[in-house]
Amino acid sequence: MSLTAMRLSGSAAELRALLRRWSGFVLVVAMVLGPFFTTLIGWPALPLFWAVQQAPKGAGLALLAIAAHAMPAALLCWALREQLLPARWLPAEASLPLSGRQRLAADLAVLALAQAPWLLLNLISMLAWRRDSPAWMQGLWLGVLAGFASSLIISSALGVLALHWQRRRPVVPARRTPSRAAADASSASPQPLLAKRSPWFSLLWLPLWRGPARAVLWAWLLALLLPGLSLLLAWHWPQQASWALALFTLMVMGWTARLHSLAERCYGPLRLASQLLPVADVSWAWRLAVLSLLPAVLAWLALAGLLMVGPWVLAPRATPLFMLLGLLAPTLAIAFDGGGAELRAARWLLCWAVWVAVASEVLM
């Protein structure tokens, strides 16, 4: 059996096991989005039509739209990288005399398998547009197919980079035992620190600037920048504001979850070493949650200002619910630690699905 066939067989088994674990949550999300199906089904392919329309005006906008269309497939490949190339396979793969071409062919095969749901969704979207066949779409179909092929090439290239990173990621060193951490904390003698200021200044804020949590600071800045860019897109192209709102919900939800996960990992050693300090473990939990949610709150304020001064007519019922979910959805997605990674991811997916479904009804 060739490497490609073995990788396809193994990845298909991993993906089937993942689908079985998530089937209940997928069903719930499908039930939530079911009433909005006729509205949402046209969205996946719409950026391709827009890109073809913009091509005569400038290739830059068309390429940007095609690259944006490739992002969901690229994110899907990134999220499924452990199923496409599990870490336990890496020693066996490294021990085989494989060429770079063989690895690349196997990577592209499993990436095609991972992108199959996105491919199917786009084909259904195109068939829906083909059935309606509005006048403004006449003459665009050949360009749309070419743009779709380009989008798949971009997402596959990004997926290859994700699998390359999966192969080269460093080995995480083992954490120190509590007794060793306690000994280090006691030898540091925190009394002078406590005499000057609260220990949270050194435990939470200083690591952001010159400690182990600098990655959290960069992620925090990106969590402010990317939702802000989606709001700028809505302001610059008010006719496409519904798309920008959907992108805004994805950016806020995604970066809030990423920030919380990164903060828990970066602050983990400090949290363990602070056991001898007068700080409760529950204080760590809610402070890290607030640190992760603060960009979402600032983005929510910017969103409220944009909707108030924008040129749109707002739906009287959907808009208050959308704004309420803007605070509740990111909070509920990270508020509960129990249940394991899969349950947290499913809760995140459900919260985002409800929020983005309401977002599609805000602008009249």
Side-chain angles (χ1 to χ4, degrees), residues 36 39-40 43 46-47 50 60-61 64-65 67-69 71-72 75 204-205 208-209 213-263 286-335 347-364:
F36 306 96
T39 302
L40 299 177
W43 285 25
L46 196 57
W50 187 82
L61 284 176
L64 182 62
H69 181 268
M71 287 301 105
L75 291 174
L204 198 63
W205 300 112
L208 288 173
W209 297 103
R214 293 193 68 181
V216 177
L217 178 61
W218 288 110
W220 203 92
L221 295 176
L222 285 174
L224 282 176
L225 176 64
L226 295 179
L229 288 178
S230 65
L231 295 181
L232 285 178
L233 290 176
W235 179 260
H236 190 68
W237 289 294
Q239 296 83 3
Q240 310 295 333
S242 294
W243 283 92
L245 288 184
L247 179 62
F248 174 84
T249 63
L250 180 61
M251 292 294 102
V252 170
M253 291 291 294
W255 278 101
T256 300
R258 173 62 177 164
L259 258 178
H260 193 246
S261 174
L262 192 61
W286 72 260
R287 280 179 167 84
L288 292 181
V290 170
L291 180 67
S292 305
L293 286 169
L294 189 55
V297 174
L298 296 176
W300 184 89
L301 294 174
L303 172 66
L306 178 70
L307 293 180
M308 284 190 293
V309 302
W312 309 284
V313 178
L314 305 178
R317 294 184 180 179
T319 303
L321 181 59
F322 173 72
M323 297 305 295
L324 179 62
L325 288 172
L327 295 176
L328 287 181
T331 304
L332 293 177
I334 68 170
R347 186 167 55 239
W348 179 95
L349 182 62
L350 179 60
C351 291
W352 176 68
V354 174
W355 192 19
V356 75
V358 176
S360 66
E361 304 294 324
V362 170
L363 304 181
M364 299 179 65

Worksheet item: Checking side chain to side chain contact (heavy atoms under 4.5 Å, CB included) for the pair Val362/Met323: CA distance, chi angles, key distance, verdict?
Response: CA-CA 10 Å; Val362 170; Met323 297 305 295; over 6 Å; no
Practice prompt. Apply side chain to side chain contact (heavy atoms under 4.5 Å, CB included) to Ala68 and list each qualifying residue two or more places apart in sequence or on a separate chain.
Written response: none
Practice prompt. List in chain and number order the residues that pass ring-ring contact (aromatic ring centres under 6.0 Å, His included) with Trp355, two or more places apart in sequence or in another chain; answer none if no residue qualifies.
Written response: Phe322
Fill in: Shortest non-hydrogen contact from Ala357 toward Ser360
O-OG, 2.6 Å
Under 3.5 Å, sequence neighbours excluded: what are the donor-acceptor pairs made by side chains of residues 305-321?
from	atom 1	to	atom 2	distance (Å)
Trp312	NE1	Pro238	O	3.0
Thr319	OG1	Ala315	N	3.4
Thr319	OG1	Ala315	O	2.7

With a cut-off of 3.5 Å and sequence neighbours excluded, list every side-chain donor-acceptor pair involving residues 292-299.
from	atom 1	to	atom 2	distance (Å)
Ser292	OG	His260	N	3.4
Ser292	OG	Leu288	O	2.8

Enumerate, atom names and distances included, each donor-acceptor pair closer than 3.5 Å involving a side-chain atom of residues 213-237, sequence neighbours excluded.
from	atom 1	to	atom 2	distance (Å)
Arg214	NE	Trp209	O	3.4
Trp220	NE1	Leu291	O	3.1
Ser230	OG	Pro227	O	2.5

Fill in: Interatomic distance, Leu325 atom CG to Trp300 atom CH2 [nearest 0.5 angstrom]
12.0 Å
Determine all donor-acceptor pairs shorter than 3.5 Å in which one atom belongs to a side chain in residues 243-254; sequence neighbours excluded.
from	atom 1	to	atom 2	distance (Å)
Thr249	OG1	Ala246	O	2.6
Thr249	OG1	Trp352	NE1	3.2

